[in-house]
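Reading through the structure tokens given below for one structure.
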Amino acid sequence: MQRTVFDKDHEAFRETVRAFLEAEVVPVYDQWYEQGIAPREFYYKLGELGVFGIEVPEEFGGAGIESFKFQAILIEECARAAVSLGGSGVHVGLCLPYILNLATQEQKERWLPGFVSGETMFAIAMTEPGTGSDLAGMRTTAKLSEDGTHYVLNGSKTFITGGVLADRVIVCARTAAPTEGDRRHGISLFAVDTKSAGYTVGRKLDKLGLKVSDTAELNFTDVKVPVEDLLGEEHQGFSYLGQNLPQERASIAVGAYAQAKAAIRFAKEYTQQRNVFGQPVAGFQNTKFELAACQAEVDAAEAVVDRALDALDNGTLTAADAASAKLFCTEVAHRVIDRCLQLHGGYGFINEYPIARLYADNRVNRIYGGTSEVMKMIIAKDMGL
């Protein structure tokens, strides 16, 4: 069936992105993969392409289009090519909503032009060692100085995508102790300059998948953060985090669906070319049945994703809706990619084949943005259970 969630402008953007990936990313991706990071200069090319500024108001150098669907197309095309664009997804998909919704006019004037051009790359630091999904348990602190001009930031963060190359990081920190009965109180957000004294990047983490996304540990030792870099109101950070989770989870659902769709294409092409016992692997009934079953699951995931994208743009995507979309699509992708890898036989286990990279990259989808177990809790609560 023809998808109706995208119009002609979206499809024109898709063609541009696909051509860009084929020309600028695919030929050098193996090198990036070995190095475990995309070159910093590459983000300038993304800025020139315009992908960072689609949702940014025109007064700050963007296109001023209030729609997530263009970013969804970028996610889908990266999955189709089995590539990652480093920390750029976090830069736009996770960080931009905080800036657009919380930043003052002065902050937007300082940050957004560089955000659009790629000169100021953003990341977000929520997770801490030992806390995982329990963000209310964070121990990083930001104490206001006696003269009231700056905060003093101390603590550490981990699993920070884009953390190696980021120029500013939205850091979640405690500015007050939790109140009785409310562990979430007292968390604030800061857009921290990574060149600040006392700010250090620790290990670049060696991950199972998403090798090109630079994921790091961050450490803060008496980092002075000007009060002008407080994002939103003091102590209200936890509520801000909750407001942006539906979009984050919808984007993960989009990526998972697109990875599954790409896996079917890779498996179909491989089985048509690979001969076993005198005929193509695609000629066996088992291969046909496996791919047909995978296609049916991906068709269902596509319907879920498209419904979520429309709801996101309309402002009606609820936390439970987003959790349901993420849970369903990531579980579908897990099953489909595994079955498509199986059809590759031993070659599916070799990293030079894109199905192997998809298999490794896909696994984290059921963990980050909230684990599948957390998604089930959200859905169950919405059901009144």
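Computed from a prediction, not measured in an experiment: that's the story for all the values here.
- More than 12 heavy atoms of other shown residues, nucleotides or ligands fall within 6.0 angstrom of atom CZ in Arg339.
- Using modelled atom types, one finds a donor on one side chain and an acceptor on the other under 3.5 Å when comparing Asp299 with Gln295.
- You'll find the side chain of Thr271 stays beyond 4.5 Å of the side chain of Pro280, heavy atoms only.
- You'll find the side chain of Asn154 reaches within 4.5 Å of the side chain of Asp222, heavy atoms only.
- Enclosure of atom CD in Gln342 is not indicated, since only 12 or fewer non-hydrogen atoms of other residues, nucleotides or ligands lie within 6.0 angstrom.
- Atom CZ of Arg40 is surrounded by more than 12 heavy atoms from other residues, nucleotides or ligands within 6.0 Å.
- With no hydrogens or angles considered, a side-chain donor-acceptor pair links Tyr151 and Glu234 at under 3.5 Å.
- The residue from Asp361, Thr330, Asn365 that alone fulfils the side-chain hydrogen bond (donor to acceptor under 3.5 Å, both in side chains) condition with Gln259 is Asn365.
- The ring of Tyr240 has its center no closer than 6.0 angstrom to the ring center of Tyr98.
- For an aromatic pair to be called close, the ring centres must be under 6.0 Å apart, and Phe349 with His344 fails this.
- With hydrogens and angles disregarded, a donor-acceptor distance shorter than 3.5 Å links the side chain of Lys326 to the backbone of Gly370.
- Under 3.5 Å, the side chains of Tyr257 and Glu302 contain a donor-acceptor pair of N or O atoms.
- The local environment of OH in Tyr359 is sparse, with at most 12 non-hydrogen atoms from other residues, nucleotides or ligands closer than 6.0 Å.
- Side-chain contact between Val298 and Ile264 is present, with heavy atoms from C-beta onward closer than 4.5 Å.
- For Lys204, the NZ atom sits in a packed shell: over 12 heavy atoms of surrounding residues, nucleotides or ligands are nearer than 6.0 Å.
- Residues Val192 and Asp229 have side chains not in contact (no heavy-atom distance under 4.5 Å, counting atoms from C-beta outward).
- Salt-bridge check for Lys211 with Asp206: passed, with a basic side-chain N closer than 4.0 Å to an acidic carboxylate O.
- Thr16 has its side chain within reach of Leu49: a pair of non-hydrogen atoms, C-beta onward, lies under 4.5 Å apart.
- Within a 6.0 Å radius of CD in Glu66, other residues, nucleotides and ligands contribute 12 heavy atoms or fewer.
- With respect to the salt-bridge test (charged N to carboxylate O, under 4.0 angstrom), the residues Arg18 and Glu22 do not qualify.
- When the side chain to side chain contact (heavy atoms under 4.5 Å, CB included) test is applied to Leu85, the partners found at least two apart in sequence or on another chain are Leu21, Val25, Phe42, Leu46, Leu74, Cys78, Ser88.
- The CD1 atom of Ile187 sits 7.5 Å away from the SG atom of Cys172 when rounded to the nearest 0.5 Å.
- For the pair Glu24 and Lys45, the salt-bridge criterion is met [side-chain N within less than 4.0 Å of a carboxylate O].
- Between Arg14 and Glu11, at least one side-chain nitrogen of the basic residue sits less than 4.0 Å from a carboxylate oxygen of the acidic one, meeting the salt-bridge criterion.
- Within the 3.5 Å criterion, the main-chain N or O of Ile160 finds no donor-acceptor partner in the side chain of Thr215.
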Query - Criterion salt bridge (charged side-chain N to carboxylate O under 4.0 Å, His left out) on Glu76 and Arg3, from CA distance to verdict - result: CA-CA 14 Å; Glu76 290 186 357; Arg3 298 176 78 181; 3.1 Å; yes

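- Side-chain contact check for Ser251 and Gln71: no donor-acceptor pair (N or O, by modelled atom type) lies under 3.5 Å.
- The shortest distance between side-chain heavy atoms of Leu96 and Phe115 falls below 4.5 Å.
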Query raised in the report: When you look at Leu245 and Glu248, which way does the side-chain contact (heavy atoms from CB on, under 4.5 Å) test go after all the steps?
Result: CA-CA 5 Å; Leu245 282 174; Glu248 178 183 357; 3.4 Å; yes

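- Side chains of Leu210 and Tyr368 form a contact here, defined as non-hydrogen atoms less than 4.5 Å apart.
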Report task. Go through the steps for Glu297 and Arg335 under the test salt bridge (charged side-chain N to carboxylate O under 4.0 Å, His left out), then give the verdict. Result -> CA-CA 9 Å; Glu297 288 214 75; Arg335 293 190 296 269; 2.5 Å; yes

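- With sequence neighbours left out, Ala103 forms a side chain to side chain contact (heavy atoms under 4.5 Å, CB included) with Ile99, Gln107, Lys108, Trp111, Leu231.
- When hydrophobic clusters are built by joining Ile, Leu, Val, Met, Phe, Trp and Tyr residues whose side-chain heavy atoms come closer than 4.5 Å, directly or via intermediates, Tyr270 is not grouped with Val281.
- Counting heavy atoms from C-beta outward, Tyr29 and Arg357 have side chains that approach closer than 4.5 Å.
- Remark: side-chain polar atoms of His235 are not paired, donor with acceptor, to backbone N or O of His185 under 3.5 angstrom.
- Distance alone, capped at 3.5 Å, is enough to place a donor-acceptor pair between the Asn101 side chain and the Pro97 backbone.
- Checking Thr316 against Asn314 by side-chain atom types alone, no donor-acceptor pair falls below 3.5 Å.
- Between Glu269 and Gln273, the side chains place no donor N or O within less than 3.5 Å of an acceptor N or O (distance only, hydrogens not considered).
- With 3.5 Å as the limit, one finds a donor-acceptor pair spanning the side chains of Ser213 and Ser84.
- Within the model, atoms CG of Asp167 and CG of Asp193 stand 8.0 Å from one another, a figure rounded to the nearest 0.5 Å.
- No continuous path of ILVMFWY side-chain contacts below 4.5 Å connects Val201 to Leu205, so the two sit in separate hydrophobic clusters.
- The distance from the CG atom of Asp214 to the CE atom of Met121 is 9.0 Å, given to the nearest 0.5 Å.
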